[in-house]
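Here is the structure we will look at, set down as structure tokens.
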Amino acid sequence: MTVPLKFVVAGPVGAGKTTFIQTVSDTPVIATEAQSSEDIGKDLTTVAFDFGTLTLDGQLLHLYGTPGQDRFDFMWEILCEGALGLTLLVAGTRPQDFAHARKILEFITSRVAVPFIVGVTRQDHPQVWQPHDIAAYFGLPPNQVVGLNATDPESVRTTLIHFLEHAFRPSAPLALRTKE
Amino acid sequence: MAIFGDFQDHALTDLLKVIGSRSGALFLHSAYHRRTIELSVQQGHIEAVYLDGFPVASDPQRHDIFHTLVVQREGTFEFKEHPQPQPRSPITTLNASLQAVAATALVPEEQLPHAETVYVLHNVQAAVPSSLADSWNELRPLLADGGSARQLAARTPHDEQHLRWLFYQFRASDLIASKRTAAPPDAAPAPASPSPAPQLIHRLLGALRRFRGASGT
Amino acid sequence: MTASMSKQERLTSALTSLRSALPELRGVLVATVDGLPIAQSMNDSTDANRVAAMAATALGLGKRINETLSSGDLTEFSVSGTAGQVFLYAAGAKGVLAVVTPSGMNLGLLHMEARDAAAQVSNIL
């Protein structure tokens with residue numbers, strides 16, 4: 001019986017985290033949500049995490065989606081400790097969220113040694129930021145930012161493939177960061 | 001390719017970072033007393049400023065425009081790239097004067113870095129805007145081993161909020177970066193937690209690729 | 001309490017009553033189920049924003065655990081440390097009441113008073 005590995009999906013509210021996990025999870029996603037008291041464009045918001053699973057060649061992956069608001073920053077850290085990897089999602093149609101996405105990414109990755117990529121959702125929209133421009137915004141190498149459609153299983157799997165291919169190559173720019 | 005949005009959500013210095021070394025026109029619609037500013041960018045350098053299509057030649061007026069852009073942050077922006085860059089005028093670059101104005105601007109709270117994000121020194125050769133020089137000289141040694149606004153607030157007379165603003169400005173000037181990006185480029189990647197075995201990564205990749213094969217696309 | 005008092009005043013009043021009934025409490029806080037503080041009275045300088053978010057997370061998890069284990073409706077969720085405890089109660093569908101106690105409190109009395117307060121808060125929200 002293998003030890004499950006953990007993969008985290010973080011990002012601002014509305015980036016597509018819950019959708020990402022729902023799209024690829026083998027099991028029904030367990031969401032811990034509550035009625036939103038703020039106007040975030042939807043009724044419910046994640047207050048703990050979304051939980052899904054994916055088994056690949058007998059290896060069980062636990063998929064966790066984090067809450068988006070800053071007040072839940074303790075959950076970002078808790079969920080990313082010991083994780084195989086992190087995908088920071090940002091909606092390419094919502095440049096107003098980029099500063100917040102950067103805040104989340106910098107907080108997590110400066111405190112927890114977790115390999116990551118950035119995923120830019122809504123690539124099917126006509127007016128949308130491209131991954132290489134978002135890479136420039138974040139100050140990341142272009143191969144660390146990919147475009148995806150979070151509702152398409154093919155696209156989400158390709159994102160996971162891209163992460164695995166790039167995060168663990170010995171000379172990859174996505175070097176695991178040491179937590180000194 | 002689309003670079004667009006509401007100006008209030010972005011710093012002009014961030015937009016220039018995104019433009020990088022490209023050439024084109026950055027339009028700021030209704031950003032200056034409801035009029036449109038166009039910044040002509042050649043290979044990343046702002047070479048000219050236009051107000052409703054007319055060139056702005058005087059320094060004081062350009063300064064006023066930069067000041068308004070940085071402080072008011074009204075209107076929307078979009079960048080239109082030129083496929084063929086024109087030859088650059090090497091002496092004309094307004095980036096430094098924009099940077100000088102931006103270094104004094106207030107920043108909305110939600111765009112400030114998290115108080116507990118750890119920053120380290122990044123490009124110490126980068127130019128320090130004169131308004132930040134004293135703060136930089138004071139804080140630079142404290143950041144040699146990395147620090148967050150919260151940590152430095154405990155070690156200096158500054159409050160956390162002010163430090164978050166300083167970190168924002170230092171980051172905009174490329175002087176600091178959040179801890180991950182400061183790893184020396186030639187250092188061998190040293191994992192903090194045991195790196196997953198290569199065979200495991202192979203198996204995961206194999207399984208994901210088989211999904212793709214099976215779906216027939 | 002009259003109808004002419006604002007929601008905020010009524011909440012503060014309910015919390016004040018709770019604190020008078022149980023003078024040894026270290027703090028009380030009311031939050032929305034999505035983690036925003038609405039009213040509070042805390043002894044020390046604890047960050048109410050942080051407590052409100054954690055209370056919402058914990059209550060959300062508690063409700064979910066209860067459902068999964070078929071334990072009925074959530075009555076309370078508690079976290080105990082060597083120097084004190086915190087008890088979380090649902091205050092209707094939209095609220096969370098967090099009660100921070102020292103160690104060794106009379107739990108029977110606490111739950112009675114706290115659930116009363118939670119019901120009052122639920123009516124106000």
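Each chain gets a letter, A, B and so on, in the order the sequences are listed, and its residues count up from 1.
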A:Arg102, part contacting chain B, at a heavy-atom distance under 4.5 Å: side chain
- prompt: How would you list all residue pairs meeting side chain to side chain donor-acceptor pair (under 3.5 Å) that involve residues 29-38 of chain B, not counting sequence neighbours?
  reply: B:His29-B:Glu78, B:Tyr32-B:Asp64, B:Arg35-B:Asp52
statement: Whatever's closer than 4.5 Å to a heavy atom in chain B on A:Asp73 counts as side chain
message: Among A:Ala99, A:Pro95, A:Pro153, A:Pro126, which residue has the highest count of heavy-atom pairs closer than 4.5 Å to chain B?
response: A:Pro95
- prompt: Pick from B:Ile19, B:Leu200, B:Asp6: which one has the most heavy-atom pairs with chain A under 4.5 Å?
  reply: B:Leu200
message: For the backbone of A:Thr27 and the side chain of A:Ser25, can you confirm whether one donor and one acceptor N or O come within less than 3.5 Å of each other?
response: yes
message: Heavy-atom cut-off 4.5 Å, strictly under: side chain, backbone, both or neither for A:Leu5 against chain B?
response: side chain
- prompt: So which of B:His10, B:Gln8, B:Glu110 has the biggest tally of heavy-atom pairs under 4.5 Å with chain A?
  reply: B:His10
- request: With a 4.5 Å cut-off on heavy-atom pairs, point out which of A:Leu54, A:Ile134, A:Val24, A:Leu105 contacts chain B the most.
  value: A:Leu105
field: B:Phe7 versus B:Leu69, closest heavy-atom pair with distance
entry: CE2-O, 3.4 Å
message: Whether the side chain of A:Tyr64 engages the backbone of A:Gly52 through a donor-acceptor N/O pair (distance < 3.5 Å, no angle test) should be reported.
response: no
Heavy-atom contact with chain A under 4.5 Å, split by part of B:Phe77: side chain
- prompt: Picking from A:Gln127, A:Gln59, A:Gln96, A:His100, which has the most non-hydrogen pairs under 4.5 angstrom with chain B?
  reply: A:Gln127
